[in-house]
Q: 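Quick one: the structure is below, and I'll ask about it shortly.
The first residue in the sequence is number 1, and the count goes up from there.
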Amino acid sequence: MTRIEVEDGPDRGMAWHFGEPFAEQRMMESGFGVVRLSNREVFTITGDERLKWLHTLASQDLESLPAGEGRDVLVLEANGHITRAFCLVDDGTTAWCWTEPGAREELLGWLASMKFWTAVDLVAREDLQVYWLGSQIAVPGAVLALRSSGVADGAEVVLPAGYEFGGVDEAGLWAHEALRIDAGIPRIGLDTDGKAIPNEIGLFGTALDKGCYPGQETVARIQTLGRPPRRLVRLLFDGELPDPGSEITLNDRVIGRVGTVAQHHELGPIGLGLVKRSVDTDVDLVADGIAAAQEALVDPEVGEHFRPKL
C-alpha cells in the first residue's frame, strides 16, 4: 500500500492518502475504514468534581453531560474570543480529552492554574491516540472513549497508541479533511483566528442554556441582537485550491480568509472560510485569484448553524 505523507502544516508527517484518496472518501461514507488521527494530543481529567469544574470554565454544558456522550469544548476570553478548544468524552469516572496538534501543553498548564482547591487530576497521555473509525468496524474491548464526529459514517475513538486493526483498510487525512469540510465542521485554530467568537461558527461547542462562564455576555448579546461580525462559509473553488490563509475578496476588497481546503470526490476543490457578515450569501467570491462560490453555514442575522451542533 502506497503511503503518502502530509508535507507541511500542523498535520505534517501524517498519512495524507494511500494511493486512492477519492476511493478512501467513498469508503468512509459507507462506514468502513480507519483514519489515524495520531497527532491529536490526548489527556485525561479525573476527580468527582471534574465536570462541574469544567462547566464553570467553558462555553459548553458539561455539568449535566450523560456518561458516554461527547462534546466539543471552547474556552473564551471575557470578550468572547475563542482562546482554547478540545474534545471531551466522559465515561462517568474519567473525562477523555484531546486537542489539536501542539495545543495540549498550554491548555493543561492553563487548566492547572484554574484548579485552585478543586480536586481534579490532569494527565497527558502519550499512551493513547485518537482514530476515526467507520461505523461498520468493531474493536471489542479496546475503545476507551467514543463520540460522533459528524464526519461521514463514523466516530472518533480513543484507543491505545499504535493499535493494530488487522485487515481493516486505512484512509488518509485527505479523505477525512474533505469530508469534514463538506460537513461544515471547523478545526479551531485552522478555520478560525484569534478574533473568532462562537456565534461566527454557528455556536459550535457552545450551549446557550447554561450558567455563567467567561465570554457569555458577548455570546448572549449577539445571539439576542443578531449580526455576528463574520460567518463561516463552505467554499466551492473553480478548478484549483488556494493556500490556507489566503485572502478572500469581493470586488478587490478583502472580506475574509480561507481556512482549511481539500479535494472532495464529488464536489471538487472545497474549503472553509470566515467572511464578513455583511457579504451577501449568494455572491461569488475570489480566493488567491481563484473564483469561489459560497454556501452559507451560519445565518448572517442570528448566528445559528444550519447543521446540528456537536
Q: Please enumerate all residues that pass side-chain hydrogen bond (donor to acceptor under 3.5 Å, both in side chains) together with E177, with sequence neighbours excluded.
A: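 Counting only residues at least two positions away or on another chain, E177 forms a side-chain hydrogen bond (donor to acceptor under 3.5 Å, both in side chains) with R180, R187.
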Q: Roughly how far apart are E24 CD and W16 CH2, rounded to 0.5 Å?
A: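 Going from the CD atom of E24 to the CH2 atom of W16 covers 10.5 Å.
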Q: Step by step, work out the side-chain contact (heavy atoms from CB on, under 4.5 Å) result for D288 and V258.
A: CA-CA 9 Å; D288 197 20; V258 176; over 6 Å; no
Q: Give a yes-or-no answer on whether the side chains of N79 and T218 include a donor-acceptor pair shorter than 3.5 Å.
A: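 There is no such pair (donor and acceptor under 3.5 Å, judged by atom type) between the side chains of N79 and T218.
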Q: Using side-chain heavy atoms (C-beta onward) and a distance below 4.5 Å, is L272 in contact with L297?
A: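 L272 reaches L297 side chain to side chain.
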Q: Look at atom CZ of R12 and say whether more than 12 heavy atoms of other residues, nucleotides or ligands are closer to it than 6.0 Å.
A: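 At most 12 heavy atoms, drawn from other residues, nucleotides or ligands, come within 6.0 Å of this atom.
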Q: Can you say whether the rings of H17 and W174 are parallel (under 30°), tilted (30 to 60°) or perpendicular (over 60°)?
A: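 Perpendicular: the ring planes of H17 and W174 meet at over 60°.
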Q: Nearest 0.5 Å please: distance from the CG atom of N251 over to the CG atom of L285.
A: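 If I round to the nearest 0.5 Å, the distance is 9.5 Å.
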Q: Which residues pass the ring-ring contact (aromatic ring centres under 6.0 Å, His included) test with F32, not counting sequence neighbours?
A: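 For F32 there are no ring-ring contact (aromatic ring centres under 6.0 Å, His included) partners, ignoring immediate neighbours.
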Q: If you compare all heavy atoms of Y131 against all heavy atoms of G162, which two are closest, and at what distance to 0.1 Å?
A: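 Shortest heavy-atom separation between Y131 and G162 comes out as OH-N, 3.2 Å.
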Q: Same cluster or not: are V6 and I181 linked, directly or through other Ile, Leu, Val, Met, Phe, Trp or Tyr residues, by side-chain heavy atoms under 4.5 angstrom apart?
A: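 Yes, same cluster.
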Q: Establish whether F86 and L128 are linked, either directly or via other cluster members, by ILVMFWY side-chain heavy-atom contacts under 4.5 Å.
A: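 Result: no, two separate clusters.
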Q: Using every non-hydrogen atom in the two residues, find where L179 and E29 come nearest and quote the distance to one decimal.
A: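 Shortest heavy-atom contact: CD2-OE2, 3.5 Å.
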Q: Give a yes or no answer on whether the side chain of K210 reaches the backbone of A58 with a donor-acceptor pair at less than 3.5 Å.
A: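 A pair under 3.5 Å: yes.
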Q: Do other residues, nucleotides or ligands put more than 12 heavy atoms under 6.0 Å from the CD atom of E240?
A: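 No, because the 6.0 Å sphere around CD of E240 holds 12 heavy atoms or fewer from other groups.
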Q: What distance separates R147 CZ from E69 CD, expressed to the nearest 0.5 Å?
A: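 Those atoms lie 12.0 Å apart.
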Q: Using the test ring-ring contact (aromatic ring centres under 6.0 Å, His included), find all partners of H264 that sit at least two apart in sequence or belong to another chain.
A: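 If we apply the ring-ring contact (aromatic ring centres under 6.0 Å, His included) test to H264, skipping adjacent residues, there are no hits.
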Q: Spell out, as yes or no, whether a donor-acceptor pair under 3.5 Å connects the side chain of Q129 to the backbone of L159.
A: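 Pair absent, no side-chain N/O of Q129 close to backbone of L159.
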Q: Using modelled atom types and a 3.5 Å cut-off, is there a donor and acceptor pairing between side-chain atoms of R230 and backbone atoms of G273?
A: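 Answer holds: no.
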Q: Give a yes or no on this: more than 12 heavy atoms of other residues, nucleotides or ligands lie within 6.0 Å of atom CG of D48.
A: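 No - once you tally the heavy atoms of other residues, nucleotides and ligands closer than 6.0 Å, there are 12 at most.
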Q: Tell me, yes or no, whether the heavy-atom count around D8 atom CG, taken from other residues, nucleotides or ligands under 6.0 Å, exceeds 12.
A: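 12 or below, so no.
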Q: Given side chains that start at C-beta, do those of F22 and Q263 come closer than 4.5 Å, heavy atoms only?
A: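 Yes, side chains in contact.
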Q: Please check this pair: side chain of Q60 against backbone of D72, looking for a donor-acceptor N/O pair closer than 3.5 Å.
A: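 Yes, because the side chain of Q60 sits within donor-acceptor range (under 3.5 Å) of the backbone of D72.
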Q: Mind listing the closest non-hydrogen atom pair of R40 and P101 along with its distance?
A: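 Scanning both residues completely, I find the closest heavy atoms to be CD-CD, 4.3 Å.
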Q: Is I248 reachable from V254 through a run of hydrophobic residues whose side-chain heavy atoms are each under 4.5 Å from the next?
A: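 Shared cluster, no.
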Q: Within the 4.5 Å heavy-atom criterion, are F204 and D191 side-chain neighbours or not?
A: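 In short, these two side chains do not touch, never coming nearer than 4.5 Å.
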Q: Supply the atom-to-atom distance R231 CZ to N199 CG, rounded to the nearest 0.5 angstrom.
A: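 It is 14.5 Å, given to the nearest 0.5 Å.
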Q: Taking only residues two or more places apart in sequence, or in another chain, which ones meet P214 in a side-chain contact (heavy atoms from CB on, under 4.5 Å)?
A: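 Per chain and number, P214 pairs via side-chain contact (heavy atoms from CB on, under 4.5 Å) with no residue.
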Q: Check step by step if side-chain contact (heavy atoms from CB on, under 4.5 Å) holds for V219 and L208.
A: CA-CA 8 Å; V219 172; L208 293 174; 4.0 Å; yes
Q: Short question: side chain of T192, backbone of I188 - any donor-acceptor pair under 3.5 Å?
A: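 The answer is no, because no donor-acceptor pair under 3.5 Å joins these two groups.
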Q: Roughly how far, to the nearest 0.5 Å, is the OG atom of S246 from the CD1 atom of I290?
A: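 If we round to the nearest 0.5 Å, I290:CD1 and S246:OG are 7.5 Å apart.
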Q: Given side-chain contact (heavy atoms from CB on, under 4.5 Å), test L122 with K115 step by step and report yes or no.
A: CA-CA 10 Å; L122 309 167; K115 285 173 56 174; 4.2 Å; yes
Q: Counting only heavy atoms not in E77 (residues, nucleotides, ligands), do more than 12 fall under 6.0 Å from its CD?
A: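 Enclosed.
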Q: Looking at V283 and Q294, what are the two nearest heavy atoms and their distance?
A: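 Smallest interatomic distance, heavy atoms only, reads O-NE2, 3.0 Å.
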Q: Within the structure provided, determine whether M14 and H176 are in side-chain contact (heavy-atom separation under 4.5 Å).
A: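 No, side chains not in contact.
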Q: Can you check side-chain contact (heavy atoms from CB on, under 4.5 Å) on I201 and V298, steps first, answer last?
A: CA-CA 7 Å; I201 56 174; V298 175; 5.6 Å; no
Q: Under a 4.5 Å cut-off applied to non-hydrogen side-chain atoms, are V35 and L173 in contact?
A: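 The answer is yes; the side chains approach within 4.5 Å.
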Q: In terms of hydrophobic clustering (I, L, V, M, F, W, Y; side-chain heavy atoms under 4.5 Å; direct or indirect links), are I185 and V73 co-clustered?
A: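 Different hydrophobic clusters.
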Q: Determine the sole option in L88, L146, D91, V130 for which the side chain to side chain contact (heavy atoms under 4.5 Å, CB included) test with W96 is passed.
A: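 Answer after filtering L88, L146, D91, V130: D91.
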Q: Any side-chain heavy atom of D182 within less than 4.5 Å of one from E266?
A: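 No, every pair of side-chain atoms sits at 4.5 Å or beyond.
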Q: Of all the heavy-atom pairs spanning V89 and W98, show the shortest one and how long it is.
A: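 Answer, listing the atom of V89 first, then W98: CG2-CH2, 4.0 Å.
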Q: Same cluster or not: W132 versus V168, using hydrophobic residues (I, L, V, M, F, W, Y) connected whenever any side-chain heavy atoms lie under 4.5 Å apart?
A: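 Looking at the clustering, V168 is in a separate group from W132.
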Q: Between A175 and P21, which heavy-atom pair has the shortest distance, and what is it?
A: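 Minimum heavy-atom separation between A175 and P21: CB-O, 4.1 Å.
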Q: List in chain and number order the residues that pass side-chain hydrogen bond (donor to acceptor under 3.5 Å, both in side chains) with D238, two or more places apart in sequence or in another chain; answer none if no residue qualifies.
A: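 Checked D238 against side-chain hydrogen bond (donor to acceptor under 3.5 Å, both in side chains); zero matches.
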Q: Salt bridge or not for E106 and R84, using N-O below 4.0 Å?
A: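 Yes, E106 and R84 are salt-bridged.
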Q: So R104 and E126, salt bridge (Lys or Arg N to Asp or Glu O under 4.0 Å) or not? Walk me through it.
A: CA-CA 11 Å; R104 181 179 60 187; E126 301 293 347; 2.5 Å; yes
Q: Going from OG1 on T260 to CD1 on I270, what distance comes out if it is rounded to the nearest 0.5 angstrom?
A: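 If I round to the nearest 0.5 Å, the distance is 8.5 Å.
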Q: Among V75, L76, L74, L57, find the residue that satisfies the side chain to side chain contact (heavy atoms under 4.5 Å, CB included) test when tested with Y213.
A: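 In the set V75, L76, L74, L57, the residue that makes a side chain to side chain contact (heavy atoms under 4.5 Å, CB included) with Y213 is L76.
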Q: Take atom CD of Q216 as the centre, draw a 6.0 Å sphere, and report whether it contains more than 12 heavy atoms from other residues, nucleotides or ligands.
A: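 Atom CD in Q216 is packed in, count exceeds 12.
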Q: Could I get the full list of side-chain hydrogen bond (donor to acceptor under 3.5 Å, both in side chains) partners for S59, not counting sequence neighbours?
A: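 Partners of S59 by the side-chain hydrogen bond (donor to acceptor under 3.5 Å, both in side chains) criterion, ordered by chain and then number, come out as T206.
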Q: Considering only heavy atoms from C-beta outward, does the side chain of D61 approach that of H55 to under 4.5 Å?
A: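 Yes, close enough: below the 4.5 Å cut-off.
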Q: Does any non-hydrogen side-chain atom of V261 lie less than 4.5 Å from one of P269?
A: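 Sidechains of V261 and P269: no contact.
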